[in-house]
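Worksheet: one structure, shown below.
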Protein chains: 2
Amino acid sequence: MSDLLERLRGRGWRMTAQRRVVAEVLDGDHVHLTADEVHARAVTKLPEISRATVYNTLGELVTIGEVLEVSTDKRAKRYDPNAHQPHHHLVCGQCGAIRDVHPVGNPLADLPDTERFGFTVSDVEMTYRGVCPNCAKA
Amino acid sequence: MSDLLERLRGRGWRMTAQRRVVAEVLDGDHVHLTADEVHARAVTKLPEISRATVYNTLGELVTIGEVLEVSTDKRAKRYDPNAHQPHHHLVCGQCGAIRDVHPVGNPLADLPDTERFGFTVSDVEMTYRGVCPNCAKA
DNA sequence: TGCTTGACTTAGACGTTGTCCATTGTAGGG
DNA sequence: CCCTACAATGGACAACGTCTAAGTCAAGCA
Ligand SMILES: [Mn+2]
Ligand SMILES: [Mn+2]
Ligand SMILES: [Zn+2]
Ligand SMILES: [Zn+2]
């Protein structure tokens with residue numbers, strides 16, 4: 001996520017310790033943290049960072065399209081730094097583990113005109129549900 | 001949704017005015033109300049019904065599989081009485097209108113083994129997003 | 001290097017959604 | 001018509017998120 005910092009600088013963002021830490025926390029693959037999880041991890045690197053700043057920064061990252069909001073569970077929103085490669089999600093119903101997945105085919109094409117009710121359809125979000133290998137063992 | 005009441009009676013549910021009213025409110029097609037919307041409508045028919053009872057009843061209906069929880073928006077859960085016919089959802093990004101839709105094909109088959117990470121995948125939930133004809137006019 | 005300033009951060013109040021519990025009420029069987 | 005177990009109620013509480021007023025600081029400039 002080092003180039004995320006570059007892109008933010010390019011957009012005229014002030015580079016603060018708080019924003020750097022949030023960007024660091026969001027680094028990696030299959031990362032789908034809630035705002036409070038981001039805050040908890042950020043605090044270990046920058047103890048005085050506030051909840052409001054984490055919420056603000058995540059909101060801004062979503063607005064400019066650098067981070068996606070996903071709602072795979074019905075509780076808190078999750079923040080996904082993998083915004084530049086379209087993908088869907090596979091969720092374990094027991095432990096909540098989330099993996100990025102890439103189904104084949106074009107699901108948009110699978111919605112017939114007769115099922116569109118006059119809508120202009122632009123996007124589709126797919127959430128696969130199942131049980132992860134870890135939970136299956138137990 | 002009159003047969004919903006029948007099924008509930010068959011399961012040994014006590015038929016109370018509150019449960020009847022919640023079932024009435026959930027009657028119809030393309031119904032996807034939040035708990036508080038259900039409560040607001042229930043109150044017009046039975047002014048003394050409490051929020052707790054609406055939440056309890058919806059929770060029970062979900063547990064026994066007569067109603068589905070859907071999370072098409074990132075705020076409140078929505079309750080869907082159309083539980084016996086599998087379907088997906090089409091959501092207007094402007095006004096939030098939700099329609100039940102039936103895409104063709106089998107999206108489960110579109111997730112290759114190499115994209116399953118050892119999970120046992122049992123289900124997929126699809127949310128199409130777009131703009132409804134009403135909002136497109138404005 | 002040291003100002004200046006407006007963008008940024010902070011703490012905590014507040015709002016919304018959802019859960020829990022002790023008490024009160026009642027559906028439905030005997 | 002009574003019992004009593006099940007259901008409803010209201011209000012406290014919890015989780016998640018938003019907002020604001022006041023203080024702080026990144027970054028451009030003398
Ligand atoms: Mn993802
Ligand atoms: Mn539906
Ligand atoms: Zn698992
Ligand atoms: Zn619309």
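For the numbers below, each heavy atom of this structure counts, side chains included, while hydrogens, waters and symmetry mates do not. So that the names make sense, note that chain A is the first sequence line, chain B the second, and so on, each numbered from 1.
For the pair B:H32 (side chain) and B:T72 (backbone), a donor-acceptor distance under 3.5 Å is absent.
When rounded to the nearest whole Å, the span between NZ of A:K77 and P of C:dG18 equals 13 Å. One interatomic measurement links the two molecules: CZ of B:R14 to P of C:dG25, which rounds to 15 Å at whole-angstrom precision. Look at CH2 on A:W13: it is 8 Å from P on C:dC8, rounded to the nearest Å. The distance from atom CZ of B:R20 to atom C1' of C:dG28 is 12 Å, rounded to the nearest whole Å. Computed from coordinates, the A:H39 NE2 to C:dT10 P distance equals 8 Å when rounded to whole Å. Nucleotide C:dT10 holds its C1' atom 11 Å from the CD1 atom of A:I49, rounded to whole Å.
Of all the heavy atoms in B:A35 and B:V54, the pair that sits closest is O-CG1, 3.7 Å.
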- Could you go through the salt bridge (charged side-chain N to carboxylate O under 4.0 Å, His left out) check for A:E69 and A:R78 one step at a time? CA-CA 6 Å; A:E69 258 177 26; A:R78 293 185 171 274; over 6 Å; no
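Between A:R7 and A:E66 there is a salt bridge, since a side-chain N of the basic residue sits under 4.0 Å from a carboxylate O of the acidic one. Of the charged side-chain nitrogens involved, none lies within less than 4.0 Å of a carboxylate oxygen, so that A:R41 and A:E24 do not count as a salt-bridged pair. The pair A:R99-B:E115 does not meet the salt-bridge criterion, since no charged nitrogen lies less than 4.0 angstrom from a carboxylate oxygen.
Closest-nucleotide positions on DNA chain C for A:T53 and B:R78 were compared, and the one nearer the 5' end corresponds to A:T53. If A:A17 and B:K74 are placed on DNA chain D by their nearest nucleotide, the residue sitting closer to the 5' end is B:K74. Ranked by how close their nearest DNA chain D nucleotide is to the 5' end, B:L46 and B:R51 are led by B:L46. Annotation: of the two residues near DNA chain C, B:Y79 and B:R9, the 5′-most nearest-nucleotide partner is B:Y79.
Considering CG of A:L61 and CG of A:L4, their distance stands at 6.0 Å, rounded to 0.5 Å. Between A:K137 atom NZ and A:C132 atom SG the span is 8.5 Å, to the nearest 0.5 Å.
For the residue pair B:D100 / B:H88, no side-chain donor-acceptor distance below 3.5 Å is found, with atom types taken as modelled.
Here B:Y55 reaches the OP1 or OP2 of C:dG18: one of its side-chain N or O atoms lies under 4.0 Å away.
Taking the six-membered ring where tryptophan is involved, the planes of A:H87 and A:H102 are tilted, since the angle between them lies from 30° to 60°.
Using a 4.5 Å cut-off on side-chain heavy atoms (C-beta onward), A:P112 and B:V104 make contact.
Note on B:V70 and A:F119: separate hydrophobic clusters, where clusters join Ile, Leu, Val, Met, Phe, Trp and Tyr whose side-chain heavy atoms are under 4.5 Å apart, directly or indirectly.
Of all nucleotides in DNA chain D, those with any atom nearer than 4.0 Å to a heavy atom of chain A start and finish, going 5' to 3', at D:dC16 to D:dA27.
Among the nucleotides C:dT17, C:dT10, C:dC8, the one closest to the side chain of B:R75 is C:dT17.
Rounded to 10 degrees, the angle between the two end axes of the helix from C:dT1-D:dA30 to C:dG30-D:dC1 is 20°, with five pairs used at each end.
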Are any protein N/O atoms closer than 3.5 Å to N/O atoms in nucleotides 20-23 of chain C? If there are, list each pair with its distance.
none

